[in-house]
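From a predicted model like this one, the values you see are computed outputs, not experimental measurements.
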Amino acid sequence: MNPNTKLRILMLLDGEFPNDPRVEKEAISLVKAGFEVVVACPAFNRKPAKETFQGIEVIRRKPIPFYKKFRAAALTLPFFYLYWKKFTRKLFQENKYDVIHAHDLIQGPTAVWASSRYDVPFVIDFHENYPYMLEEEPFTKGLIGKMLVPIHLWIALEKRVMNLTKYFISVAQEMKDRLLGLNPYAIGFVIENTLNPEEWPSPFLLKKPSSEEKSIKLIYVGGISPMRGLEIAIKGVYEANLENSDFIFKLDIYGDGKPAYLQFLNDLISELQLEELVLLKGKINLPLMGNALEDYDIGVVPHLKSVQTDYSSPNKLYQYLFYGLPVLSSDCKSLARVVEESNAGLIYMHNDPKDFSKKLSELVLRIKKDQYTSVSIHEIISTRYQWQFSEDELHRLYQLLSKEAEAGSK
């Protein structure tokens with residue numbers, strides 16, 4: 001793509017950069033397409049105030065004390081948005097920007113304010129269903145949490161921001177449709193959390209275990225929290241080993257989470273006497289160790305159903321497919337659509353360990369009959385679900401913005 005008008009894009013990110021794969025992929029894609037990209041973010045971990053990362057200009061500002069705590073309470077305590085208004089004002093005093101690209105709803109108020117003040121169009125890039133993601137967090141359940149992070153205010157903010165938004169990005173078609181329900185006149189673009197094959201080790205696509213082998217190895221990769229449904233997966237593995245004597249089912253869980261919840265899962269594993277079959281293995285270095293996924297037979301996405309999980313695009317799904325793993329997924333809407341339309345696995349009822357067990361046994365039988373092969377699963381990524389196709393949507397959005405900028409300059 002060769003934009004006629006070379007836009008200078010200001011990305012507002014409330015977290016660390018580089019540390020967010022989605023932001024990195026988008027920014028790098030735009031730089032390669034000929035745009036100038038500036039990422040503004042807090043200066044965590046003694047990162048420099050300015051640096052260049054793969055052609056992206058990164059500008060950082062020292063965060064206020066307790067920044068991460070104020071972030072969740074941004075609508076009840078003024079410190080977060082005061083910080084970002086001051087930061088953004090300084091950015092515009094020092095340079096010119098043609099587009100504000102706000103990463104997630106939390107940066108919506110800053111983008112709307114700066115757009116009005118400096119007469120610059122903005123894009124809201126919805127990474128999450130933000131109010132409903134917060135609703136799932138344990139810290140919002142108690143009295144103090146409800147006071148500092150009132151979910152109804154976040155729901156109202158999402159509606160208010162959408163009513164002022166012309167262009168937005170979502171991570172799934174289901175999320176796009178939900179947001180269009182708030183503003184049918186907005187223009188939405190779906191940029192799924194697909195992976196860029198250039199950033200991952202190429203899969204070996206080794207032949208899966210022969211029908212004589214009894215051990216079936218499942219893998220989960222990602223964040224570990226109650227909304228991920230891992231207790232259902234653990235109970236499902238327990239049920240599968242009770243009901244099916246033909247195979248021995250094992251589950252390795254990679255990722256990290258809050259100590260209390262990790263302890264809860266370990267207690268559950270002990271209670272079910274699954275210590276030799278279910279292991280919490282800590283974080284895995286991805287993408288560097290991507291080929292480790294090929295040691296497994298099935299990838300698991302056991303998310304519990306909610307507004308957040310029904311309308312999301314988890315990275316792990318595409319990672320499993322890239323390395324040739326059939327998927328056993330809960331019936332969250334966007335997950336079920338991808339798995340079913342790709343013929344890449346089976347779907348179970350999200351809160352039902354017995355259905356998990358039943359579908360797991362059925363999936364294994366299909367694998368043994370060669371209904372799913374590593375090569376055929378991997379090809380789904382190369383033909384439909386890789387970053388190239390997500391990138392095309394991003395380019396289409398910025399082609400529109402370039403044409404508008406060009407028309408406005410005449």
Is there a donor in the side chain of [X] and an acceptor in the side chain of [Y], or the other way round, less than 3.5 Å apart?
X: Asp267; Y: Gln263; value: yes
X: Ser334; Y: Glu174; value: no
X: Thr309; Y: Ser312; value: no
X: Asn129; Y: Gln308; value: yes
X: Asn196; Y: Gln386; value: no
X: Gln388; Y: Asp392; value: no
X: Tyr167; Y: His101; value: no
X: Thr110; Y: Thr88; value: no
X: Tyr296; Y: Asp252; value: yes

Tell me whether [X] is salt-bridged to [Y], with the criterion being a basic N under 4.0 Å from an acidic carboxylate O.
X: Glu231; Y: Lys235; answer: no
X: Asp297; Y: Lys217; answer: no
X: Asp355; Y: Lys359; answer: yes
X: Glu341; Y: Arg384; answer: yes
X: Lys166; Y: Glu404; answer: yes
X: Asp98; Y: Lys96; answer: yes
X: Glu199; Y: Lys25; answer: no
X: Lys403; Y: Glu406; answer: no
X: Glu51; Y: Arg60; answer: yes

May I ask you to test the [X]-[Y] pair for a side-chain heavy-atom distance under 4.5 Å?
X: Val171; Y: Val190; result: no
X: Leu105; Y: Trp154; result: yes
X: Leu360; Y: Leu218; result: yes
X: Phe249; Y: Ser357; result: no
X: Leu251; Y: Leu277; result: no
X: Thr165; Y: Phe122; result: yes
X: Leu317; Y: Val338; result: yes
X: Tyr348; Y: Lys358; result: no

Enclosure of [X] [atom1] (heavy-atom neighbours >12, cutoff 6.0 Å):
X: Asp119; atom1: CG; result: no
X: Phe139; atom1: CZ; result: yes
X: Glu198; atom1: CD; result: no
X: Met227; atom1: CE; result: yes
X: Gln273; atom1: CD; result: no

ring-ring contact (aromatic ring centres under 6.0 Å, His included) for Phe168 and Phe189? Distances and angles first, verdict last. CA-CA 6 Å; Phe168 72 93; Phe189 297 81; 8.1 Å; no

Nearest heavy-atom pair of [X] and [Y]: which atoms, and what distance?
X: Ile100; Y: Ala114; result: CD1-CB, 3.5 Å
X: Leu335; Y: Pro314; result: CD2-CG, 3.4 Å
X: Asp14; Y: Pro42; result: O-CG, 3.5 Å

Starting at [atom1] of [X], measure out to [atom2] of [Y] and round the result to the nearest 0.5 Å.
X: Glu158; Y: Leu179; atom1: CD; atom2: CG; value: 5.5 Å
X: Asp331; Y: Asp310; atom1: CG; atom2: CG; value: 8.0 Å
X: Arg8; Y: Glu36; atom1: CZ; atom2: CD; value: 5.0 Å
X: Ser382; Y: Phe389; atom1: OG; atom2: CZ; value: 7.5 Å
X: Ile151; Y: Lys146; atom1: CD1; atom2: NZ; value: 10.0 Å
X: Ile380; Y: Ile377; atom1: CD1; atom2: CD1; value: 4.5 Å

Step-by-step ring-ring contact (aromatic ring centres under 6.0 Å, His included) determination, His103 to His127: CA-CA 7 Å; His103 284 285; His127 296 202; 5.0 Å; yes

Would you check, one step at a time, whether the test side chain to side chain contact (heavy atoms under 4.5 Å, CB included) holds for Ser313 with Tyr318? CA-CA 9 Å; Ser313 176; Tyr318 305 104; 3.4 Å; yes

For [X] and [Y], I'd like to know if the aromatic rings sit close, meaning centre-to-centre distance below 6.0 Å.
X: Tyr83; Y: Phe80; answer: no
X: Tyr81; Y: Trp84; answer: no
X: Phe322; Y: His378; answer: yes
X: Tyr67; Y: Phe79; answer: no

What's the verdict on side chain to side chain contact (heavy atoms under 4.5 Å, CB included) for Glu57 and Val39, showing C-alpha distance, side-chain angles and the deciding distance? CA-CA 6 Å; Glu57 185 181 351; Val39 174; over 6 Å; no

Between Phe66 and Phe70, what is the ring plane arrangement, given parallel below 30°, perpendicular above 60°, and tilted in between? perpendicular

Where does the angle between the aromatic ring planes of His303 and Tyr220 fall among parallel (under 30°), tilted (30 to 60°) and perpendicular (over 60°)?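 The rings of His303 and Tyr220 stand perpendicular, inter-plane angle above 60°.
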
Using the rule given for side chain to side chain contact (heavy atoms under 4.5 Å, CB included), can you reason through Val278 versus Tyr238, listing the C-alpha separation, both sets of side-chain angles and the distance that settles it, and then say yes or no? CA-CA 9 Å; Val278 179; Tyr238 172 78; over 6 Å; no

Stacked cation flag Lys281 on Tyr254, 6.0 angstrom / 45 deg: no

Yes or no on salt bridge (Lys or Arg N to Asp or Glu O under 4.0 Å) for Asp125 and Arg22, after CA distance, side-chain angles and deciding distance? CA-CA 10 Å; Asp125 192 339; Arg22 179 178 179 84; 3.2 Å; yes

Derivation of the side chain to side chain contact (heavy atoms under 4.5 Å, CB included) call for Lys368 and Phe247: CA-CA 11 Å; Lys368 296 298 183 181; Phe247 306 108; 3.8 Å; yes

Would Asp177 and Gln173 count as a side-chain hydrogen bond (donor to acceptor under 3.5 Å, both in side chains) if you check the C-alpha gap in whole Å, the side-chain angles of each, and the deciding distance to 0.1 Å? CA-CA 6 Å; Asp177 294 341; Gln173 181 64 44; 2.9 Å; yes

